[in-house]
**Student:** 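One structure, pasted below without further comment.
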Amino acid sequence: MQAYFDNSATTKPCPEAVEAVAYAMSENWGNPSSLHFIGNKANELLEESRRAVADVLSCTSGEIFFTSGGTESNNLAITGAAYRNKRFGKRIVTTSVEHPSSDEILTKLEGEGFEVIRLKVNSEGKVNEQDLFEAVTQDTILVTMMLVNNEVGSIMPVQSIKRAVARAKSPALIHCDAVQAFGKMPVKPTQLGVDLLTISSHKIHGPKGVGALYIRKGVKINPRAFGGEQEMKIRPGTEAMPAIAGFGAAAKALPDVKKELADATEKRDYMVAELEKIGGVEFNSPKDALPFVTNISVMGIKSEPLLNYLSARGVCVSSGSACSKGKKSRVLTEMGLSHERMESPIRISFSRYTTKEEIDYLIDCIKNAKNDIRAIK
C-alpha cells in the first residue's frame, strides 16, 4: 500500500489540471501576446485562468499577477514593496519562522541597510499580537507574515497587522505568504486586510512552476525583472501557458473550502487520537493548527531512520520544510522544543485525497517502527 502524507511539499495534480496542461501544450499553444487568432485564443485561456484564481480569492482578475511560484511571488512582493517605499523608512517587520523564500530575501535586504525586525514565536509557533503592535512604528515600510506555518500549521494573526499599521500611522504595505493556506481555509485578501498575497499552484493539486501574487488595486511595487509588457510589467516574459492553464483548472476544481476544512479536522482528530494510543508521541503542532498539517516527534527515534523506514513501506512524510533539505528546523528551534523532540520531528500533511485507510496504515507503520528500529539498535 502507498500512503502520501507530504502534501505541504507538493500535491498530486488533479485530473482537471493534467487535462488543462495537455490542452495548452497540444491545442492552445500560442503566445498570448501575439495579435493573430492563435495568439488571441491563448490570451483568452490566460485571462480565463486568471479569473479562476481571482474567484477563489474573491478579488478582481486585474489584481492577479502570475509568477513561477511561491518563492518568486514572495521575493517580488518583499523587494518590490521595500524598494518602492524606502523613501519613507527602512524598517521591515516579519516573524522568526517565515519560509526561506521570505527569510532569505529579507536577510539580503538587511545587507543593503534595511532594518528587519523578526518577531519571536511562542511554544505554539505563533507571534504575540502585542509584540506586533509594538514592532510596527511610524517608519515601518513593510510587514510580511505567513498565514499558516509550513512546518507546524500554526495560524498567524495576519488580520491584526492592518490595525497595527493604522495605529502607528505607518505607510507600510502588508504582505502575506498564504501558500499553505490557499485552498485549505478561507483566504480573502480584503478580509485579511493585506496589500500583497502569495499563492502557489502545486499546493492545490495544480502543476509546479506557477504561482501568483495578488496586488491590491492601487498598490504599486517595483518589478524585479524587465523586458516585456506581460503581467502589466510586474513580471515580464512570455507566460508559461501550460502551467497557468493547469493552475486555473486546479483553482476551478477546488471543493467547498469550509467542507474540506471540516473533513480535514475530522481526519486529523482521528489520527491524533490513534497516535496518542501508541504512546511516546509528542505533538509539536498546536491544537488549533490548520488540520492539514500535523508535526509530531516519535520519541527515541530520530527523524531520518523513521522517514526511511516509512518510505520503504510506501508511506511518504517529511522531516520539515522541503526547501530546507534535511537541515535542523529553524521553526522548531524558535518554538523552544527540547533537544529530544528536535531529534525526531516528522511532518504529516493531508490533502483532500487523504483517506482514513491511509491514516490507519500510517499508524500501523509507526507502531511497528517503534519496535523494529529499536530492535535494530
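If you read the sequence from its start, that first residue is 1, and numbering goes on from there. What you see is a predicted model; the values in this text were computed from it and never measured.
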**Student:** Identify the two heavy atoms, one from A135 and one from I117, that lie closest to each other, and give their separation to 0.1 Å.
**Tutor:**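 The pair with the smallest heavy-atom distance is CB-CG2, 4.2 Å.
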
**Student:** Return the minimal non-hydrogen interatomic distance between I301 and I373, and the atom names on each side.
**Tutor:**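 Smallest interatomic distance, heavy atoms only, reads CG2-CD1, 3.7 Å.
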
**Student:** Taking atom CD of E19 as the centre, does the number of heavy atoms from other residues, nucleotides or ligands within less than 6.0 Å exceed 12?
**Tutor:**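 No, not enclosed.
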
**Student:** Is any side-chain heavy atom of S351 less than 4.5 Å from a side-chain heavy atom of K12?
**Tutor:**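 A side-chain contact is absent here, since even the closest heavy-atom pair is not under 4.5 Å.
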
**Student:** Determine the interplanar angle of the F350 and F5 rings, folded into 0 to 90°, and report it as parallel if under 30°, tilted if 30 to 60°, perpendicular if over 60°.
**Tutor:**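 Tilted, since the angle between the ring planes falls between 30° and 60°.
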
**Student:** When rounded to the nearest 0.5 angstrom, what distance separates CG in L337 from CG in N284?
**Tutor:**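 Going from CG on L337 over to CG on N284, the span is 4.5 Å.
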
**Student:** Which is it for V97 and V152 under the side-chain contact (heavy atoms from CB on, under 4.5 Å) test, yes or no, and what are the steps along the way?
**Tutor:** CA-CA 10 Å; V97 294; V152 297; over 6 Å; no

**Student:** Side-chain donor-acceptor pair under 3.5 Å between T140 and S170, yes or no?
**Tutor:**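 No, S170 and T140 have no side-chain donor paired with an acceptor closer than 3.5 Å.
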
**Student:** Taking all atoms of both residues into account, what is the closest heavy-atom pair of F292 and A264, and its distance?
**Tutor:**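 Of all heavy-atom pairs spanning F292 and A264, the closest is CZ-CB, 3.6 Å.
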
**Student:** Under 4.0 Å between a side-chain nitrogen and a carboxylate oxygen: does that hold for E112 and K86?
**Tutor:**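 Here E112 does not pair with K86 in a salt bridge, since their nearest N and O are not under 4.0 Å apart.
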
**Student:** Is there a path from I348 to M335 through hydrophobic residues (I, L, V, M, F, W, Y) whose side chains come within less than 4.5 Å of each other?
**Tutor:**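 In one cluster with I348: M335, yes.
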
**Student:** Do S61 side-chain atoms and A54 backbone N/O form a donor-acceptor pair below 3.5 Å?
**Tutor:**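 No, because the side chain of S61 does not come within donor-acceptor range (under 3.5 Å) of the backbone of A54.
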
**Student:** Working to the nearest 0.5 angstrom, can you tell me the gap between M145 CE and T95 OG1?
**Tutor:**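 Here the rounded value is 6.5 Å.
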
**Student:** Hey, are E274 and K277 close enough for a salt bridge, meaning a charged N less than 4.0 Å from a carboxylate O?
**Tutor:**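 Yes.
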
**Student:** Would you find a donor on one side and an acceptor on the other, under 3.5 Å apart, between the side chain of N74 and the backbone of S101?
**Tutor:**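 Between the backbone of S101 and the side chain of N74 there is no qualifying donor-acceptor contact (under 3.5 Å).
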
**Student:** Between K356 and D360 (salt bridge meaning N to carboxylate O under 4.0 Å), is one present in this structure?
**Tutor:**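 A salt bridge is present here (some side-chain N lies under 4.0 Å from a carboxylate O).
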
**Student:** Is it the case that more than 12 heavy atoms not belonging to M1 sit under 6.0 Å from its CE atom?
**Tutor:**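 Yes.
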
**Student:** Given 3.5 Å as the limit, does a donor-acceptor pair link the side chain of S303 with the main chain of P345, or not?
**Tutor:**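 At least one qualifying donor-acceptor pair exists.
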
**Student:** Hey, are K90 and E115 close enough for a salt bridge, meaning a charged N less than 4.0 Å from a carboxylate O?
**Tutor:**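 No, this pair does not count.
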
**Student:** Do R118 and T107 have side-chain atoms, one donor and one acceptor, less than 3.5 Å apart?
**Tutor:**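 Judged by distance alone, the side chains do pair up.
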
**Student:** Here's one to test your reading of the geometry: is the NZ or CZ of R216 within 45 degrees of the ring axis of Y214 and under 6.0 Å from its centre?
**Tutor:**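 Cation-pi check for R216 and Y214: fails.
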
**Student:** Taking all atoms of both residues into account, what is the closest heavy-atom pair of V148 and A181, and its distance?
**Tutor:**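 The pair with the smallest heavy-atom distance is CG2-CB, 3.7 Å.
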
**Student:** Run through R341, K370, E282, E343 and flag the one making a side-chain contact (heavy atoms from CB on, under 4.5 Å) with V298.
**Tutor:**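 So, applying the side-chain contact (heavy atoms from CB on, under 4.5 Å) to V298 and each of R341, K370, E282, E343, only K370 qualifies.
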
**Student:** If we ignore hydrogens and angles and just use 3.5 Å, is the side chain of N75 paired with the main-chain N or O of I78 as donor and acceptor?
**Tutor:**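 No: the side chain of N75 does not pair with the backbone of I78.
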
**Student:** Do D55 and R51 meet the salt-bridge criterion of a basic N to acidic O distance under 4.0 Å?
**Tutor:**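 Result for this pair is no, no salt bridge flagged.
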
**Student:** Between R330 and E334, is there a salt bridge with N-O shorter than 4.0 Å?
**Tutor:**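 Here E334 does not pair with R330 in a salt bridge, since their nearest N and O are not under 4.0 Å apart.
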
**Student:** Any salt bridge linking E358 with K267? Criterion: basic side-chain nitrogen under 4.0 Å from a carboxylate oxygen.
**Tutor:**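 No, E358 and K267 are not salt-bridged.
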
**Student:** Tell me whether E124 is salt-bridged to K126, with the criterion being a basic N under 4.0 Å from an acidic carboxylate O.
**Tutor:**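 Between K126 and E124 there is a salt bridge, with a charged N closer than 4.0 Å to a carboxylate O.
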
**Student:** Please find the pair of heavy atoms, one from E151 and one from S329, that lie closest to each other, and give the distance.
**Tutor:**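 Heavy atoms of E151 and S329 come nearest at OE1-OG, 2.6 Å.
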
**Student:** Applying the salt bridge (charged side-chain N to carboxylate O under 4.0 Å, His left out) test to R50, which of E63, E231, E239 qualifies?
**Tutor:**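 Output: one option passes, namely E231.
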
**Student:** When you measure from the side chain of N28 to the backbone of A42, do you find a donor-acceptor pair of N or O atoms at a distance under 3.5 Å?
**Tutor:**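 The answer is yes, because a donor-acceptor pair under 3.5 Å joins these two groups.
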
